[in-house]
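Any value given below was found using the heavy atoms of this structure, including those in side chains, with hydrogens, waters and symmetry copies removed. Protein chains get the first letters and strands the later ones, always in sequence-line order, with residue 1 at the start of each.
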Amino acid sequence: MNRPGVATACAAMLRRDLTLAWRRRGDIAMPVLYALIVTMLFPFALGPEDTLLQRIAGGVVLVTVLLAMLLALDAMFSSDIEDGSLEQLVLAPQPLALMLGMKILAHWLTTALPLIVIAPLLAAMLHLPGAVIPVLLLALLLATPLLSLLGAVLVALTAGTRRSGMLLALMLLPLCMPAVIFAAGAVAAAQQGLPWLAPIAWLAAALVLAVVLAPLACAAALRIALDA
Amino acid sequence: MNRPGVATACAAMLRRDLTLAWRRRGDIAMPVLYALIVTMLFPFALGPEDTLLQRIAGGVVLVTVLLAMLLALDAMFSSDIEDGSLEQLVLAPQPLALMLGMKILAHWLTTALPLIVIAPLLAAMLHLPGAVIPVLLLALLLATPLLSLLGAVLVALTAGTRRSGMLLALMLLPLCMPAVIFAAGAVAAAQQGLPWLAPIAWLAAALVLAVVLAPLACAAALRIALDA
Amino acid sequence: MSALQAFFAMGGYAIYVWPAYALFFIVLIADTIAPGVRRRRVLRELRARLARQSVRQNRNSPAPPSP
Amino acid sequence: MSSWIPLWLHKLGSPPTFYRFAGTLRPWAMGLALLLGAIALYGGLVLAPADYQQGDAYRIIFIHVPSAWMSMFIYAVMGVASFIALVWRIKLAEVVAMESAPIGAAFTFITLVTGSLWGKPMWGTWWTWDARLTSELVLLFLYLGVIGLYHAFEDRRQGARAAAFLAIIGIINVPIVHFSVNWWNTLHQGSTVNIFGKSKMSWDMLWPLLTMMLATKFYYVASLFNRVRTDLLALEGGKDWVRKIAEDEAKS
Amino acid sequence: MTAANTAVPLLEARALSFLRQDEPVFAPLDFQLHAGELALVEGDNGSGKTTLLRILAGLLHVGEGELHWRGEPMQRDTCTGEILFLGHQLGLKADLSPRENLRIAAGLFGCRDGIGVAMVLDRIGLRGYEDEPVRRLSAGQKKRAALARLLLLPATLWLLDEPYANLDRIGIALVNQLLETHTAAGGAALVTSHGAVSFHGGEPRHIRMHA
Amino acid sequence: MTAANTAVPLLEARALSFLRQDEPVFAPLDFQLHAGELALVEGDNGSGKTTLLRILAGLLHVGEGELHWRGEPMQRDTCTGEILFLGHQLGLKADLSPRENLRIAAGLFGCRDGIGVAMVLDRIGLRGYEDEPVRRLSAGQKKRAALARLLLLPATLWLLDEPYANLDRIGIALVNQLLETHTAAGGAALVTSHGAVSFHGGEPRHIRMHA
Ligand code: HEM
Ligand SMILES: Nc1ncnc2c1ncn2[C@@H]1O[C@H](COP(=O)(O)OP(=O)(O)OP(=O)(O)O)[C@@H](O)[C@H]1O
Ligand SMILES: Nc1ncnc2c1ncn2[C@@H]1O[C@H](COP(=O)(O)OP(=O)(O)OP(=O)(O)O)[C@@H](O)[C@H]1O
Ligand SMILES: [Mg+2]
Ligand SMILES: [Mg+2]
């Protein structure tokens with residue numbers, strides 16, 4: 001009998017989620033397309049005035065990317081709960097928090113990363129100055145994992161309930177507002193040529209904290225959710 | 001043996017979907033909260049400049065409401081397919097198109113109507129002039145059922161597939177673009193004091209067409225989706 | 001400027017005209033080649049399917065019981 | 001299958017027959033396409049004079065306009081084939097509809113790119129949200145939607161039926177593309193070519209354009225036959241004639 | 001309703017088969033089902049029993065061969081409302097109670113004369129669970145809630161896919177009794193099952209599936 | 001592994017019960033399960049069999065009473081990886097093939113010495129379906145894919161909730177055989193089932209549930 005090491009188990013978990021995402025790659029593309037649509041609709045809805053678009057570009061891209069991420073958040077554990085996979089995961093002789101950390105990582109890789117990749121395109125569609133784009137990307141690189149981690153905890157908490165949607169949105173709003181404010185602050189500062197390091201540093205600090213604590217919280221929350 | 005009349009069946013169908021929505025009323029609130037969050041984030045992301053916000057208010061509200069509707073569209077038939085309810089509906093001795101029409105109506109009542117109700121609030125949050133709000137509401141009242149109807153057909157078409165998300169977005173984009181253009185056109189015209197009846201009339205014409213044809217198309221598409 | 005040079009210069013619009021023609025040909029050539037590639041894949045998969053099918057048919061119904 | 005469909009059509013609709021028929025006809029169609037294409041290119045790029053307003057940039061017309069016509073023509077073919085496929089469940093019609101889509105998408109893409117390459121010198125911009133341009137972009141999305149839907153189903157015939165359905169819904173976009181210049185006054189040119197009446201274009205420019213149009217039609221036939229043959233193999237995998245082809249090919 | 005074994009069979013299949021990716025799922029089938037008869041569909045796992053039932057219900061298209069309903073080619077509207085199908089998916093909304101689920105079914109299909117939802121739930125053994133959301137029921141209770149449709153809805157042909165699975169002994173006996181009453185009243189039923197079916201009203205017909 | 005019936009039972013329940021909304025789901029239970037033993041959990045629909053198995057698996061919290069594992073109070077980490085649970089939900093991802101599903105299970109739980117995924121799938125009767133997405137399998141084939149875990153994963157106690165449902169006769173015989181091999185090798189199993197279990201290796205223990 002050969003028990004797998006933690007590394008093997010982590011790899012198995014990550015591979016599983018990535019394979020599943022690949023099988024349903026249409027759903028990966030969904031947030032991306034969604035973000036593209038939103039960005040394309042703005043010139044229609046507001047009229048194609050360059051200065052106006054440029055003025056709002058940074059904010060629109062940030063809000064769009066973060067909201068596109070929320071789209072995919074809700075489904076993070078639901079299919080695993082329905083088909084009984086989560087039970088099997090809980091029963092496995094592996095640290096649950098770590099396994100959930102892998103799930104969150106897979107989620108970030110499959111939803112946030114594609115969004116970050118197309119963010120420059122979105123920014124260009126709204127004529128954001130090229131010099132600001134690196135700052136935008138940096139802000140997104142820090143804000144999106146933060147959102148994934150916090151989101152996972154909340155999704156786990158609401159997993160046992162039937163009215164998850166509203167609760168999720170209600171609880172996420174206050175949690176993601178600071179992330180948006182700091183990220184948008186950094187982008188706006190960069191656009192005006194001011195120093196943008198401080199808000200980025202805040203984001204980074206929050207991210208470090210979340211990486212350590214969120215998987216643990218997530219595991220505890222899921223055990224509660226299953227116990228009914 | 002007493003076969004129910006069409007009216008009874010319609011009522012049963014509508015009641016069923018409304019009851020289900022009420023049981024999961026948290027999910028009804030989700031698009032509303034989503035729209036609220038987006039609208040609240042804009043001032044944060046762009047800075048609270050009244051003139052700028054006012055300039056983009058009409059467009060932002062329209063885009064937000066329509067996108068919030070898209071959120072709920074994907075799930076329109078999925079749970080019915082998974083638990084076998086759709087099979088039962090197809091086998092019932094009732095015109096399927098009519099039953100689906102009821103489902104679409106229920107969907108509109110539970111997702112679009114709450115959004116329309118809070119639209120004035122959203123508009124006020126972005127300082128849209130009060131005089132424009134009736135036009136905005138009229139545009140929404142015509143554009144949202146159009147989106148529900150067209151969306152239902154496309155959701156039905158993709159119901160049998162595994163990669164529904166992306167396809168849905170891909171196919172909806174071209175179909176909802178005209179609705180956004182006309183609705184935004186009407187609002188913009190009203191805001192500038194120009195006549196806004198023509199785009200509204202176009203929307204109304206499209207809606208009438210869709211009301212007649214979409215349920216039929218939806219029924220045909222669902223029969224194809226089940227056939228595997 | 002030779003006639004040929006003039007021809008390639010396209011009255012100063014070369015950077016618009018020639019990419020257009022290049023794209024036209026590249027896309028159509030790709031469109032011509034693609035089915036051949038797919039054809040080979042289809043036939044390969046078909047052979048794999050036939051192999052799998054013969055496995056299913058030859059499967060002796062009761063699983064060989066051996067602890 | 002209704003009896004009024006003539007017998008030969010019915011026969012031709014049988015996959016193995018069509019496979020052979022398309023196999024023999026395809027080289028001829030391709031040859032004609034190449035020949036006519038070469039003539040049209042010579043006529044358009046060398047013989048035709050420069051435009052007095054647009055200079056040599058107008059020469060993009062010889063691919064832009066035939067591609068644009070093909071993008072709509074193929075959609076129409078796809079729509080008709082889709083209709084037949086849905087009503088009579090003829091397998092060949094499904095295949096013709098589904099394999100037309102990638103070719104149509106290719107021509108639509110060419111139209112969009114050549115159009116914006118032409119637009120930069122003429123209008124000073126690569127892209128505007130003009131009605132014709134937008135509706136052509138929508139056409140591309142429709143093609144992509146049909147292709148995507150077809151491949152999203154596990155059962156190919158089911159996918160073909162669903163996608164055929166989408167193709168029929170989307171057909172309203174074709175008249176919108178064509179008449180958009182009349183209905184909304186926009187940047188894009190109105191009709192300048194008129195096949196039956198008098199065209200607003202000089203004959204020197206018109207004949208290469210019409211020749212190119214014919215060339216693209218033949219190209220479409222050739223490409224379609226090529227694709228349909230491949231798809232028939234994939235669809236009829238259970239049938240003996242395909243198994244024979246598979247085994248023969250494995251040996252050689 | 002007619003007595004059993006009249007001249008025209010209720011349902012007749014001739015060389016019926018179904019194709020998935022152009023391969024037949026099961027060997028061509030020929031069978032007749034008369035009013036008042038019960039047919040057991042037998043076969044190993046994956047032999048195509050569920051597929052057959054879905055074809056008969058009109059959910060899948062006939063691949064090859066023919067299907068006749070009361071002597072005429074079977075079409076979507078020839079037998080509408082006469083067929084009751086119970087599949088592996090039970091067709092219950094998990095958020096609604098058994099009572100609400102049955103009400104909806106009755107609203108769509110109608111209900112038999114003189115039979116009410118409360119009575120049906122009582123007979124099927126769900127007394128006390130009428131207003132519990134289906135999600136909170138045990139596997140067998142869910143199955144019972146789905147089977148309650150058999151009692152409530154009017155139908156000539158029952159297509160039951162493994163109706164015995166998840167049921168306890170009382171439940172199994174109940175299903176057998178339902179089948180007897182139904183066939184005695186001139187109805188017909190096609191049932192798939194792996195367990196022994198101790199059906200008392202006459203020897204059932206057997207349809208064997210070969211993959 | 002130890003021989004059957006050693007002094008310390010593998011699993012022992014003392015006045016075990018579970019409360020839902022402060023009401024006991026089943027009457028207090030007392031039982032012992034030794035290595036090498038098979039216990040049948042019996043009871044009508046809704047009597048709490050599934051609930052009991054989920055408690056033993058550690059998915060639900062013990063309401064009242066005590067639960068001991070090898071003589072010590074049962075906690076999450078005392079028996080980690082020794083228990084294999086198979087519930088009404090099979091725990092298979094529908095988009096993955098049986099092979100991929102088993103690979104994941106092996107990655108999390110480890111696998112028995114000298115046993116590979118291909119071999120297991122072959123024995124469980126899924127030859128030719130190894131790479132089909134689980135969604136496309138028939139009900140019985142899905143069940144087999146889930147049961148393949150029994151062959152692949154190392155575990156001392158099997159908790160099987162209606163393992164026979166949806167299986168054909170060959171499949172049922174296969175499960176019985178698996179249970180025999182497992183108990184003969186010193187493993188233990190708790191099985192719920194409504195059908196007859198023709199278990200050959202000694203008389204199974206019976207645990208009766210009363211709602
Ligand atoms: C991305 C940009 C463009 C797109 C998507 C586009 C699309 C189309 C389409 C779809 C047609 C066929 C219309 C029909 O026959 O119904 C067409 C025709 C035509 N286009 Fe464009 N076009 C673009 C840019 C341009 C530009 C920049 C010019 C020239 C200044 C141009 C000149 C023409 C001409 C002359 C025709 C033939 C009109 C006729 O005889 O009907 N196009 N284009
Ligand atoms: N949706 C599907 N797509 C593709 N193949 C399928 C699908 N459903 C079933 N199959 C295949 O078709 C065959 C017949 O399946 P079916 O479900 O009819 O079997 P069954 O007789 O009901 O088996 P069981 O006793 O296990 O329920 C099986 O080999 C199965 O793998
Ligand atoms: N999630 C739940 N929430 C509330 N009550 C539940 C839940 N699941 C089951 N119950 C109730 O608890 C009781 C026991 O259910 P359980 O599923 O354990 O029964 P069971 O013995 O497995 O029955 P079956 O043979 O039908 O599977 C039932 O009365 C059921 O209604
Ligand atoms: Mg089955
Ligand atoms: Mg149970």
Side-chain angles (χ1 to χ4, degrees), chain A residues 1-28 75-103 106 110 159-160 219-220 222-228, chain F residues 1 18 20-21 51 53-63 76-97 99-115 133-135 142 146 149 152-157 159 161 185:
Chain A
M1 165 158 46
N2 30 13
R3 285 264 172 256
V6 168
T8 325
C10 282
M13 202 60 210
L14 197 60
R15 232 183 60 207
R16 180 192 104 123
D17 274 24
L18 293 180
T19 317
L20 277 172
W22 179 246
R23 287 290 144 82
R24 316 201 63 178
R25 48 194 172 281
D27 285 357
I28 305 187
M76 200 165 191
F77 301 115
S78 63
S79 89
D80 280 345
I81 289 182
E82 270 161 35
D83 63 18
S85 305
L86 200 65
E87 291 168 1
Q88 298 294 335
L89 190 62
V90 169
L91 296 177
Q94 307 291 347
L96 183 59
L98 207 61
M99 298 295 110
L100 292 177
M102 290 297 120
K103 269 191 89 69
T110 53
L222 269 183
R223 279 192 207 276
I224 296 173
L226 276 181
D227 188 4
Chain F
M1 302 253 178
F18 181 75
R20 264 205 193 96
Q21 266 133 24
T51 309
L53 259 57
R54 292 178 69 88
I55 297 169
L56 298 182
L59 291 169
L60 297 180
H61 271 277
V62 173
R76 194 184 296 154
D77 33 2
T78 50
C79 57
T80 177
E82 292 212 74
I83 290 181
L84 209 159
F85 172 74
L86 189 86
H88 286 303
Q89 261 78 45
L90 299 176
L92 299 169
K93 299 307 295 183
D95 285 326
L96 302 182
S97 67
R99 195 198 297 281
E100 289 165 317
N101 270 298
L102 282 187
R103 282 238 186 85
I104 293 162
L108 289 176
F109 288 81
C111 60
R112 298 185 190 215
D113 293 322
I115 287 193
V134 165
R135 185 165 7 86
K142 278 183 194 141
R149 278 205 289 266
L152 184 68
L153 310 185
T156 319
L157 176 64
L159 301 172
D161 202 358

Looking only at heavy atoms, what is the nearest atom pair of [X] and [Y], with distance?
X	Y	value
F:L108	A:M99	CD2-SD, 3.7 Å
F:F109	A:P93	CD2-CD, 3.8 Å
F:A57	A:L91	O-CD2, 3.0 Å

Once rounded to the nearest 0.5 Å, what's the spacing between atom [atom1] of [X] and atom [atom2] of [Y]?
X	Y	atom1	atom2	answer
F:L92	A:D83	CG	CG	7.5 Å
A:Q88	F:L86	CD	CG	7.0 Å
A:R23	F:R135	CZ	CZ	9.5 Å
A:M13	F:I104	CE	CD1	8.0 Å

(message) Let's go through F:K93 and A:L20 carefully: what are the C-alpha distance in whole Å and the side-chain angles of both, what is the deciding distance for side-chain contact (heavy atoms from CB on, under 4.5 Å) to 0.1 Å, and is it a yes or a no?
(response) CA-CA 8 Å; F:K93 299 307 295 183; A:L20 277 172; 3.4 Å; yes
(request) Among F:L84, F:I115, F:L96, single out the residue with the greatest number of heavy-atom pairs under 4.5 Å to chain A. (result) F:L96
(request) Look at F:G81, F:G58, F:P133 and state which one has the largest set of heavy-atom pairs under 4.5 Å with chain A. (result) F:G81
(request) Look at atom NE2 of F:H88 and say whether more than 12 heavy atoms of other residues, nucleotides or ligands are closer to it than 6.0 Å. (result) yes
(message) Counting only heavy atoms not in A:R223 (residues, nucleotides, ligands), do more than 12 fall under 6.0 Å from its CZ?
(response) yes
(message) At a heavy-atom distance under 4.5 Å, which candidate from A:A12, A:S85, A:C10 has the highest pair count against chain F?
(response) A:S85
